[in-house]
Structure formats: C-alpha cells, structure tokens
Amino acid sequence: MIFNLTVFIFNWFFRNKTRLLAVGFQSFLLLFFMALGFSQVPNIQSYFPSIFLICTFFMGQFLLVETHYKFSEEKTLQSLLLSGVSPNTLFISLLLTFTVWMLFIECILWVLMHTFFQVNPIILTPSLLVVLISGTISYVSLGILFYGFCAFSKIDAMFVMILFFTLQIPLFLFFYQALETLQHAEMTLRLLPLIGMNLLFVFSSLLLYEFMTEDLT
Amino acid sequence: MKPWFFISLALGIAFSIIFFYAPMEKTQGIVQKIFYIHVSSALTMYVGFFIAFIASIIHLYKRESRYYWMSKSAIEVGYVFCCIVLLTGPVWAKPIWGAYWTWEPRLTTTFILWLIYTSYLLFQSYLKENQKKAEVISSIIAVVAFFDVPLIHLSVKLWRGVHPTVLRNKEGLPPSMSLTLVITFFVMIGLFAYLLRQRFFLEKLEQQILQLKENQ
C-alpha cells in the first residue's frame, strides 16, 4: 500500500522527463545556494531554514505549475478575461488564492519541521508571520506572472521553471536570512529588504500581468 | 574616422594609461592592473542592463519593435561585460586570495546575475517562432530581471564579505589611479555604445530579412 502510494505520488510529480530534468536542475542549484548560506554554524538546526524553504519552493512550484497547466488546457484565463474580468482583478484573485494556500502549507510545514528538528516550541509569532507572508506573496506574484506565460501561450513549462527559479534566487536569499535570524535582534534588518522586495514584486507583477494579457489573449 | 578605428585607438590609449601612467600598487604588483578592466566592465554591465530595463518599459507602453531590439541588444552586450567581470575577477583573485573563486557574497550574487541573464538569453532563443509574443514576454522578463540588480547590491551590504569596495571608500584610491579608472570606464562605455549600435542594426536587418521572406 505504502509502496503503491509512493509510486503514485512520484508518477504524479514527475510525469515526464522534462519535468524531472527541471526539478533536478532546480533542486541542485537550490541546495547548492542554500548550503552556502553564508552561515558558519555546522549543526543540523542551522539547516532548518534551508530545508523549510526547499519544501516550500517545491510545494509552491507544483501548485503553480499544475494549476496553470490546467488553465492552459481549458483556456480558463482567456475565457475569464473575455467574459469581462479585468486583468488586475484576475491577478489579485489568483494572488490571494495562491497565497492563502501557500501559507496554509507553510504553517503545516513549520509545525512538521519543528517536530523533526526540535528547534523551539511551536509558536507562530507575529515576526514569523510577517516573514512568511512577505516571502510568500513575492514568490507567488512572480509565479503567477511567469506561469501566466504558459497559460496564455504554448511555452514549455520547463523553460519557465528555470527562468522563474533564477529570478527567485535573491528573494530566497533574503527569505532565508530573515528565517535564520528570526530569534535575533538583527531580524528587522533582514526583514526590511524582504518587505521592500515584496512591494516591488507585487506591484510590478500586477502592472506587467496587464501588459501580458493585452497581447496574449 | 570609422567608429571601430576610434574605439580601437581609445582602447589602446586606455591600456597605455593603465600600464604606463597608473602607479604600481605596492602589495599586489602588476596583477592590480586588472582592477581597471574589472571595475569598469562591471559598471558598464550595469549601464547595459539599465538601458535594457528602460527600453523594455518603453516597449511595453508603446509596442514599437525598435525598443525591444534595443533592450535585447543592450542585454546581449551587457552580458558580454558580465562575462568579462566573471573572468577577470578570478585572474585577479588567485594571486591575492590564493584561490580563483570563493563563495563570497559579491561573487556569488554576480554569478546569480549572470545566471538570470543567461536564462533570459536561453528563453530568447526558444521564443523565436512567434515574434509578437516573444517581444512582450522578453520585455516583461527584462523588467523583472533588472529588479534583481539593486537587490543583489543590497545583499552585498547585508552579508559582509571580503570583496574590496574602493569606490565607496573616500581614502580608497590615489588621484592617478582614480583618473585611470575614470578613463577606462569611459572607454568601456564607448566600446559598449559601439557594440550596442552594431547589434541593434544587426537585429533590425534580421527583422527586415524575415519580413521579406514572409512577403515572398
């Protein structure tokens, strides 16, 4: 039963070779950059933010890819736009939906990770929530924009995955730093660029989504 | 005078100034001369990516292909300067740090910048079939990619590394070295402008040929 379920999940995740290649490439790069981490503490707890981010990244990636793959197949976004929904409304609704889902996943992951790594008592502090929300919204807003390319045209998701990943690296580095310094006094210093990036990415994605939908629908 | 001749002459003068006018650095010796090429190439790279960013925004508003050509050309030429930065850096680092590469914040973030624009160029080659879509998508990517440039610089401030920051340091360079750096920078900008112009006209010709083929 467990074996069959594992095979089923793997088949669902890695449905084809290109996806396997894209996931492999990204996981290698992500692990590589996270392992660098600009941190010198060699204990398992120091890897907690990295592992948390890797899990979050893959969860988000699959959520975004699968949803936009379905959108592309059924031309959902085009139909919505033709029915009179404005691109801004569509973008914000997608952003809210994905962010809520991602936060839900992250909260579960946070509890699971704390259980495995036994770092601290399980407390979702306001500072942690600010870090999670800022990081997630930036990630999701760029994701909607980039996977929109797949939904509105016939671009291979693998190219978008690679492109999306490289553009996300600075965001991940800030996200990682904010998570790593969650308990320290210098956390505010790490949080400010993350919030700034959040605002920048959300507003630019909102504007660019409108430009994209103008020509690609 | 032909532009290429003028650029070659300016490059020759710049190299002469680097080797014969700029003083020899006491601790680093001759290797320090790479500094002038390395720093001016890095600054030129940022200029290139900034031009691409502005051109992409104008393209998204006006939807005129010439702005897209400008953006694409600026990224391609800027990318060449990014490669020069990544190549001259290790050559300079080996005798000074004892290693070609260290995973120091500025080096890592410059490598990330290189990765971002590499994926942009990969994506460009993939999008050739539908020109209109390709132009819009490429401009969007160029805009988002440029947002990472200041973030990358901010990250360098946050993670203190071993990379020297002479430009922000008031007592960093003696006047003769500063003058050499400024001259090299302007020559690099001249080279960039020349390459950009050539690449832009090449892109224009390419599109004209494509249109002629379609009309046949």
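Below, read A as the first sequence line, B as the second, and so on, with proteins coming before strands; counting in each chain starts at 1. Values in this document were obtained by computation on a predicted structure and should not be read as measured data.
Closest approach of Ile112(B) and Ile169(A) over heavy atoms only: CD1-CG2, 3.3 Å. Taking each heavy atom of Leu115(B) and Thr166(A) in turn, the nearest pair found is O-CG2, 3.9 Å.
By the 4.5 Å heavy-atom criterion applied to side chains, Ile140(B) and Phe146(A) are not counted as neighbours.
A search for side-chain hydrogen bond (donor to acceptor under 3.5 Å, both in side chains) contacts involving Tyr120(B) returns Gln124(B), not counting sequence neighbours.
Separation of atoms CD1 (Ile116(B)) and CD (Gln168(A)) is listed at 10.0 Å; rounding is to 0.5 Å. Of the inter-residue distances, the one linking Leu167(A) atom CG with Tyr117(B) atom OH reads 8.5 Å to the nearest 0.5 angstrom.
No option in Ile141(B), Ile57(B), Val144(B) other than Val144(B) meets the side-chain contact (heavy atoms from CB on, under 4.5 Å) test with Leu208(A).
With a threshold of 4.5 angstrom between heavy atoms, Val143(B) approaches chain A through side-chain atoms but not through N, CA, C or O.
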